[in-house]
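Quick note: numbers below take in every heavy atom, side chains included, and nothing from hydrogens, waters or symmetry partners.
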Amino acid sequence: MEMTIRDYSSKEDFAHYDTARLRKEYLIEKVFAVDDISLTYSYIDRIIVGGTIPVKKEVVLGTAPELRAEHFLDRRELGIINIGETGKVTCDGVSYTLKHWECLYVSRGTKEVRFSSFDPLHPAMFYLASSPAHKEYPTTFISFENADHRHLGTQEECNVRTINRFIIPEKVKTCQLSMGLTHLEPGSIWNTMPCHTHDRRMEVYLYFDIDPKEAVFHFMGPKDQTRHIMVHNNQAIISPSWSIHAGCGTKNYTF
């Protein structure tokens, strides 16, 4: 398991960043690792995000020195969304099958988490997000059918989309973690409008289902100091609570 660290940054510093510094601070270019786990630990709300593509072997979620814990989830909770083909997640000996666009919430205190694919030629792609947790809530599987689906947008505004909410208070008890994915229909490119901030929380955006020749322009920053970062397939953006967040693609995508 490999984990990189990102320090906290302020909106005052943000005003002086050039393109290279913006990408260094907020863009996660490598989210997934084959037969391993790639993680990024941001000191913004101490979120950890990353992913694994198990192909030839079962992948085990280990710990890291920065966590100061014997097990990864000793003081954290974990959300997993499979954006690949069917795979399996085993938590302390209990196995859960996750099909495409299905989700698993894993409780604080879980000692062992293992990932595998049913077919190495068509592997699973497990996206992971973990936040600090103050108590245990039950490990919970959320199928795509049981997610909360919200259809929004108009063709005139180029933002016809479906928000699929998996880890939300109405579905799963958590300490603070929320997860979902939004799919834009063909011809739609804007993922949210108007731009806004979430003062009470930071967010991480994984952009995927992007054709190799296409890209998404992620807009961020305070309302009077906005910038953009070009994002390609399976890359993610760390979005501080003081930053707006909006994406505009050269073609439709999912995030």
hydrophobic_cluster_shared for [Y] and [X], side chain cutoff 4.5 Å:
| X | Y | value |
| --- | --- | --- |
| I238 | F217 | no |
| L73 | M1 | yes |
| V49 | I229 | yes |
| F219 | L184 | no |
| W190 | V160 | no |

If you take all heavy atoms of [X] and [Y], which pair is closest and at what distance?
| X | Y | result |
| --- | --- | --- |
| I167 | G79 | CD1-CA, 3.8 Å |
| P132 | C175 | O-CB, 4.3 Å |
| I210 | N233 | N-OD1, 3.0 Å |
| K171 | F166 | CB-O, 3.6 Å |
| A15 | R227 | O-NH2, 2.9 Å |
| M230 | R23 | O-NH1, 3.1 Å |

So [X] and [Y], would you call those rings parallel, tilted or perpendicular, with 30° and 60° as cut-offs?
| X | Y | result |
| --- | --- | --- |
| F144 | W101 | tilted |
| F32 | Y127 | tilted |
| Y26 | W242 | perpendicular |
| Y137 | H134 | perpendicular |

Give a yes-or-no answer on whether the side chains of S188 and E185 include a donor-acceptor pair shorter than 3.5 Å. no
Is it the case that the side chains of S131 and E77 hold a donor-acceptor pair, with the cut-off being a distance below 3.5 Å and no angle test? yes
Would you say [X]'s side chain and [Y]'s backbone share a donor-acceptor pair under 3.5 angstrom?
| X | Y | value |
| --- | --- | --- |
| N82 | E85 | yes |
| R161 | T192 | no |
| S38 | G51 | no |
| D148 | R165 | no |
| R75 | L67 | yes |
| Y253 | G247 | yes |
| T250 | A215 | yes |
| E102 | K99 | yes |
| S117 | P120 | no |
| T52 | D36 | yes |

Side chain to side chain contact (heavy atoms under 4.5 Å, CB included) between Y17 and S9, intermediate numbers included: CA-CA 11 Å; Y17 292 169; S9 60; 3.6 Å; yes
Does any non-hydrogen side-chain atom of [Y] lie less than 4.5 Å from one of [X]?
| X | Y | answer |
| --- | --- | --- |
| F115 | L128 | yes |
| F126 | V89 | yes |
| L39 | F72 | yes |
| I83 | N234 | yes |
| T4 | K30 | no |

Distance in Å, [X] [atom1] paired with [Y] [atom2], rounded so as to fall on 0.5 Å steps:
| X | Y | atom1 | atom2 | value |
| --- | --- | --- | --- | --- |
| K111 | H71 | NZ | NE2 | 6.0 Å |
| I80 | L104 | CD1 | CG | 5.0 Å |
| I189 | C248 | CD1 | SG | 3.5 Å |
| H16 | Q225 | NE2 | CD | 8.0 Å |
| M3 | T63 | CE | OG1 | 7.5 Å |
| L177 | S130 | CG | OG | 7.5 Å |

Above 12 or not: heavy atoms from other molecules or residues under 6.0 Å from NE2 of H100? yes
Going through the distances and angles, do H218 and Y205 end up as a side-chain hydrogen bond (donor to acceptor under 3.5 Å, both in side chains)? CA-CA 9 Å; H218 181 91; Y205 296 89; over 6 Å; no
Between R108 and E136 (salt bridge meaning N to carboxylate O under 4.0 Å), is one present in this structure? yes
Y96-F141 aromatic ring centre distance below 6.0 Å: no
Report the C-alpha separation of L27 and L22 in whole Å, then their side-chain angles, then the decisive distance to 0.1 Å, and conclude whether the side chain to side chain contact (heavy atoms under 4.5 Å, CB included) test is met. CA-CA 7 Å; L27 176 65; L22 281 175; over 6 Å; no
In this structure, which one of N252, T254, T162, N164 forms a side chain to side chain donor-acceptor pair (under 3.5 Å) with H183? T254
Could you walk me through whether V113 and V60 pass the side chain to side chain contact (heavy atoms under 4.5 Å, CB included) check? CA-CA 6 Å; V113 182; V60 180; over 6 Å; no
Run the numbers on Y41 and R46 for side chain to side chain contact (heavy atoms under 4.5 Å, CB included), then give the verdict. CA-CA 7 Å; Y41 184 173; R46 294 191 291 160; 3.5 Å; yes
Determine, step by step, whether T90 and S95 satisfy the side-chain hydrogen bond (donor to acceptor under 3.5 Å, both in side chains) criterion, reporting the C-alpha distance in whole Å, the side-chain angles of both residues, the deciding distance to 0.1 Å, and the verdict. CA-CA 4 Å; T90 302; S95 295; 3.0 Å; yes
As a test of understanding, state which of L206, I28, I237 forms a side-chain contact (heavy atoms from CB on, under 4.5 Å) with V231. I237
